[in-house]
Amino acid sequence: MHLIKALKARVINIAVDEGLTDNLQRVAVELPRDASHGDFATNAAMVLAKPAKRNPRELGALIAERLAEDPLVEKAEVAGPGFVNLTVANSALAEVARSALDGEAFTALARTDAPQRINVEYVSANPTGPLHVGHARGAVVGDSLASILALRGHQVTREYYINDAGAQVDILAHSAYLRYREALGEEIEVPAGLYPGTYLKPVGDALAKTYGETLRDMDEIEWLPIVREASIEAMMDAIRADLALLDIRHDVFTSERKLQRPVDLVARAIETLRGAGYVYEGTLPRPKGAVEDWEDRVQTLFRSTDFGDDVDRALQKADDSYTYFASDIAYHADKIERGFERLIDVWGADHGGYVKRMTAAVKALSHSRVPLDVLLCQLVKLYRSGEPVKMSKRAGEFVTLADVVEEVGADPVRFMMLYRKSDAPLDFDFTAVTEQSRDNPVFYVQYAHARCASVKRQAADSFGPELLNELDGADLAVFSDPAERSLIILLAQWPTVIANAADASEPHRVAFYLNDLASGLHSLWNKGKENAGLRFVNADDRNSTLSRVALVEGVRSVLSSGLAALGVQAPDEMR
RNA sequence: GGCCCCUUAGCUCAGUUGGAUAGAGCAGCGGACUUCUAAUCCGCAGGUCCAAGGUUCGAAUCCUUGAGGGGUCGCCA
């Protein structure tokens with residue numbers, strides 16, 4: 001049962017009965033900040049009173065009176081400026097605990113009535129080298145968001161855009177060619193401007209093995225396409241392998257080059273926009289910042305200022321080739337054509353200046369029908385025992401994603417990347433994330449799951465394994481202790497948490513919720529030490545054990561579903 | 001200088017989309033281990049929600065102005 005949804009429906013029904021239909025969408029059933037106010041509270045009287053010109057306290061009293069008659073509700077009273085505080089009936093809590101036993105079905109309560117086809121594009125790192133830690137954040141955020149949207153009932157495609165058309169892949173090819181010559185026995189020196197990383201050595205070796213010396217005798221115009229192709233392929237293989245370390249897999253890889261060949265989709269997209277009046281030939285104003293050798297030039301421009309951007313944006317370079325922006329327009333046009341109703345791009349913070357022009361382009365292409373949401377992930381700063389870890393990209397020394405996963409494991413990387421709003425910078429301390437303590441939320445949540453599994457093992461030891469098959473029939477109306485009640489109310493929020501995290505594109509909410517749920521479980525566990533009646537496993541009382549193990553199993557299944565949404569393991573033991 | 005993001009307890013951060021007396025963890029202090037793994041829990045203490053205005057029944061949250069920090073600023077990607 002989706003308790004919060006059910007309560008809200010009751011409140012709305014009462015409002016409609018009373019003829020209060022203005023402002024209905026603002027009615028909410030929430031948790032009161034102060035637990036002494038009851039299990040839930042609704043603001044209905046306050047938001048509905050004004051348009052109806054009624055007194056919020058009186059209206060609240062009326063809503064409370066009607067709600068108190070509902071079987072879900074034990075007690076309802078008006079308080080403060082017009083809140084209606086609800087204490088729910090034990091039978092309603094029992095329903096929640098029962099629903100939670102089937103984790104999959106319980107999570108499915110989060111499904112929306114209006115599913116959409118959503119494209120989530122993330123990582124999209126240039127295929128010029130292995131992924132570094134900075135990429136890991138966007139990768140994890142995008143992947144988990146996609147999972148959460150799927151739990152919400154949307155049809156999600158996970159996509160990677162390969163930037164394989166710009167000058168950077170030629171630089172890559174030249175760098176790999178150098179490694180190829182090195183593999184043939186030449187002394188080489190990597191000049192400034194090429195990629196110095198040794199990760200290209202295997203590419204050079206492979207080229208030497210496949211082509212022998214034939215590439216060395218070719219003109220650049222001949223070897224370049226061959227080496228470029230091989231290098232991009234090798235780099236994409238490396239990137240896919242890096243992502244697999246975090247269990248991240250994309251459904252679709254779209255190549256920037258293939259947007260131009262065999263059919264020039266970029267030209268087509270530009271012409272579409274030109275037809276709609278958004279593309280023109282013109283000159284850009286000189287930027288305010290100090291720009292040397294600025295010269296006015298007539299270029300093909302996109303009218304992003306029509307959508308609130310600061311200046312219009314260039315679509316072609318001086319040599320008439322397309323800008324990155326132009327192919328990105330074609331790419332997003334392609335996504336729209338493929339029928340997605342909502343687009344989400346996960347980018348690094350350094351692309352912040354690019355958001356306005358891209359959302360502008362998507363509005364122009366889709367006639368404002370397809371929303372594009374861009375999630376900007378702020379920087380990740382690495383620490384070791386509180387000391388910053390130095391990185392120098394110029395020298396080709398950076399901490400790779402693979403290094404980090406190898407050192408601390410995939411679970412801490414994934415959880416910590418999600419344990420922060422994505423638009424806030426993140427400090428990642430190698431030492432802290434491997435600690436096994438309350439201070440480390442990854443461990444804390446996993447330990448809660450392991451503890452649940454341990455309780456089940458203990459119960460099976462005391463009463464035999466068949467007890468675990470009887471959980472469906474347990475009496476779940478026995479929970480009256482505040483700690484038990486608040487744990488079930490926490491469970492009741494799970495479908496709402498998923499819905500809110502999906503609708504707001506904020507996967508971190510799931511991580512924080514799991515931390516709260518773990519805390520509720522640990523707390524109740526310890527209460528059992530003072531009060532034997534609250535112990536999960538009580539060897540003298542089979543019925544009590546059955547009820548409480550059923551509650552624990554509900555918690556376990558929600559922890560398990562939540563961790564799965566974040567891509568983190570839910571271990572049964574942690575010795 | 002323009003644009004975007006951030007500013008909440010000593011530190012690191014949440015804050016349920018505008019709700020009641022602003023919450024966690026860490027650090028500090030005081031407690032609970034013949035246990036269901038204490039890898040945990042309970043309590044105390046800690047606040048000008050960056051500042052000033054505004055919007056309304058009600059603001060950490062929305063608007064304006066300002067301060068500090070970060071990112072970015074014709075054709076790179």
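Order of the sequence lines fixes the chain letters, A, B, ..., with proteins taken first and strands second; residue numbering starts at 1 for each chain.
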### Query
Hey, is NZ on A/Lys317 packed in by over 12 heavy atoms from elsewhere, all under 6.0 Å?
yes
#### Entry: Closest listed nucleotide, where the reference is the side chain of A/Asn126 and the choices are B/A32, B/A77, B/C13
B/A77
### Message
Side chain of A/Arg451 only, heavy atoms from C-beta on: which candidate in B/U40, B/C75, B/A14 is closest?
### Response
B/U40
### Query
To the side chain of A/Tyr447, which of B/U37, B/A32, B/A77 is closest?
B/U37
### Query
Do we see a donor-acceptor contact under 3.5 Å between the side chains of A/Asp439 and A/Ser437?
no
### Task
Please measure how far the C1' atom in B/A20 lies from the corresponding atom in B/A59, and state the result in whole Å.
13 Å
### Query
So, do A/Phe83 and B/G19 meet the stacking rule of ring centres under 5.5 Å and planes under 30°?
no
### Query
Just wondering, more than 12 heavy atoms not from A/Gln168 lying within 6.0 Å of its CD?
yes
### Message
Considering every strand and a 4.0 Å limit on heavy-atom distances, what is the contact class for A/Asn85: base, sugar-phosphate, or nothing?
### Response
base
### Query
What integer number of Å spans the P atoms of B/U16 and B/C11?
23 Å
## Note on the structure
Taken to the nearest whole Å, CZ/A/Arg313 to C1'/B/C76 is 14 Å
### Query
Which part of the nucleic acid, if any, lies within contact of A/Ala167, taking any heavy atom under 4.0 Å across all strands shown: a base, the sugar-phosphate backbone alone, or nothing?
sugar-phosphate
#### Entry: Minimum-distance nucleotide (side-chain atoms of A/Glu573 versus B/U16, B/C75, B/U37)
B/U37
### Message
For B/C5 and A/His351 - does any side-chain N or O of the residue sit under 4.0 Å from the phosphate oxygens OP1/OP2?
### Response
no
### Summary
Separation of B/U21 atom C1' from A/His37 atom NE2, nearest Å, is 8 Å
### Query
Side-chain N or O of A/Lys356 less than 4.0 angstrom from OP1 or OP2 on B/C3?
no
### Message
Once you apply a heavy-atom cut-off of 4.0 Å, does A/Leu284 come out as touching a base, just sugar-phosphate, or nothing?
### Response
sugar-phosphate
### Interatomic distance where CD belongs to A/Glu435 and P belongs to B/U12 [whole Å]
17 Å
### Message
Quick check on B/A39: is either OP1 or OP2 less than 4.0 Å from any side-chain nitrogen or oxygen of A/Gln446?
### Response
no
### Message
Whether A/Ser523 contacts B/C42 is assessed here as follows: a side-chain N or O lying under 4.0 Å from the phosphate OP1 or OP2. Is that the case?
### Response
yes
### Message
By nearest atom, which of the nucleotides B/A20, B/C4, B/C75 is closest to the A/Thr323 side chain?
### Response
B/C75
### Message
Could you check B/U55 for me: syn (within 90° of 0) or anti?
### Response
anti
### Face-on cation placement of A/Arg357 at A/Phe302 ring, 6.0 Å and 45° thresholds
no
#### Entry: Distance, rounded to the nearest Å, where A/Leu490 contributes CG and B/A24 contributes P
14 Å
### Query
Base, sugar-phosphate alone, or nothing: which one does A/Ala49 contact when heavy atoms must sit under 4.0 Å apart?
nothing
### Whole-Å distance separating the CZ atom of A/Phe415 from the P atom of B/A14
13 Å
### Message
Does B/C41 have its OP1 or OP2 closer than 4.0 Å to a side-chain nitrogen or oxygen of A/Tyr444?
### Response
yes
#### Entry: 5'-most by nearest nucleotide on RNA chain B - A/Asn440 or A/Arg297
A/Asn440
### Query
Atom CG of A/Leu375 and atom P of B/C6: how far apart are they, to the nearest Å?
12 Å
### Message
Any base atoms under 4.0 Å from A/Val552, or only sugar-phosphate, or nothing? Heavy atoms, all strands.
### Response
nothing
### Query
Given B/C76, B/A14, B/C75, which nucleotide is nearest the side-chain atoms of A/Lys421?
B/A14
### Query
Any ion pair linking A/Glu484 and A/Lys527 (charged N to carboxylate O, less than 4.0 Å)?
no
### Query
Just checking A/Ala28: base, sugar-phosphate only, or nothing, at a heavy-atom cut-off of under 4.0 Å?
nothing
### Message
Looking only at the side chain of A/His522 (C-beta and beyond, no hydrogens), which of the listed nucleotides B/U16, B/C41, B/C5 gets closest?
### Response
B/C41
### Query
With a 4.0 Å cut-off on heavy atoms, is A/Ala314 in touch with a base, just the backbone sugar-phosphate, or nothing at all?
nothing
### Query
Picking from B/U37, B/U17, B/C75, which would you name as closest to the side chain of A/Ser454?
B/U37
#### Entry: Watson-Crick or G-U wobble partner of B/A67, both distances under 3.5 Å
B/U7
### Query
For A/Leu3 and A/Phe40, which heavy atoms make the closest approach, and how far apart are they?
CD2-CE1, 3.7 Å
### Message
From C-beta outward on A/Asp350, which listed nucleotide comes closest to its side chain: B/U40, B/G19, B/U72?
### Response
B/U72
### Among B/U12, B/U56, B/A14, the one nearest A/Lys50 by side-chain distance
B/U56
### Query
Hey, is the side chain of A/Lys381 poking within less than 4.0 Å of OP1 or OP2 on B/U12, counting only N and O atoms?
no
#### Entry: Side-chain heavy atoms of A/Ser231 within contact of A/Val169, under 4.5 Å
no
